[in-house]
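On a predicted model such as this, the values are computed, not experimentally measured, just so you know.
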Amino acid sequence: MVAGITNGTPWKKRVALTRPYVKQGKKKYVMAAMRGGNAFIVRLEEFLYKREQQLADQITHEGTE
């Protein structure tokens with residue numbers, strides 16, 4: 001499962017979280033994955049790194065519509 005959750009989620013002790021992929025005010029949105037799925041988290045991090053500016057632009061654009 002991938003969802004737009006914040007890094008303050010109560011699930012953070014039970015799941016692995018990526019680094020924030022977007023910040024809106026004080027909220028930092030992250031992806032969550034099952035703990036122990038280190039290879040999957042690494043792939044998510046690579047995805048986020050490669051598309052960091054694109055994601056930020058898209059979310060900013062959507063917020064102005």
Side-chain angles (χ1 to χ4, degrees):
M1 173 188 90
V2 175
I5 61 174
T6 63
N7 63 343
T9 180
W11 287 93
K12 65 184 171 186
K13 292 184 179 181
R14 295 184 169 210
V15 297
L17 301 176
T18 64
R19 64 185 179 83
Y21 61 88
V22 70
K23 297 173 187 174
Q24 288 183 328
K26 292 185 179 185
K27 292 183 180 180
K28 296 177 183 177
Y29 288 87
V30 297
M31 293 184 190
M34 187 171 67
R35 283 195 181 271
N38 294 343
F40 183 61
I41 287 289
V42 168
R43 295 298 303 245
L44 286 174
E45 293 282 352
E46 289 171 351
F47 173 86
L48 293 174
Y49 177 75
K50 290 178 183 177
R51 292 163 183 84
E52 186 170 19
Q53 188 60 53
Q54 178 186 359
L55 289 168
D57 292 345
Q58 182 177 353
I59 290 168
T60 301
H61 176 72
E62 289 174 1
T64 60
E65 292 180 351

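Nearest heavy atoms, A33 versus V15: O-CB, 3.4 Å.
Atom OG1 of T18 and atom OH of Y49 lie 15.5 Å apart (nearest 0.5 Å). Here Q24 contributes atom CD and T6 contributes atom OG1; the two are 11.0 Å apart, rounded to the nearest 0.5 Å.
A salt bridge (charged side-chain N to carboxylate O under 4.0 Å, His left out) check over residues 14-24, counting only residues at least two apart or in different chains, returns the pairs R19-E45, R19-E52. The list of salt bridge (charged side-chain N to carboxylate O under 4.0 Å, His left out) pairs with a residue in residues 26-36, not counting sequence neighbours, is empty.
Taking hydrophobic clusters as Ile, Leu, Val, Met, Phe, Trp and Tyr residues chained together by side-chain heavy-atom distances below 4.5 Å, V42 does not share a cluster with L48. In the hydrophobic clustering of ILVMFWY residues, with side-chain heavy atoms under 4.5 Å counting as a link, M34 and M31 come out apart.
If you run side chain to side chain contact (heavy atoms under 4.5 Å, CB included) between V30 and each of V22, L44, N7, T9, only N7 comes through.
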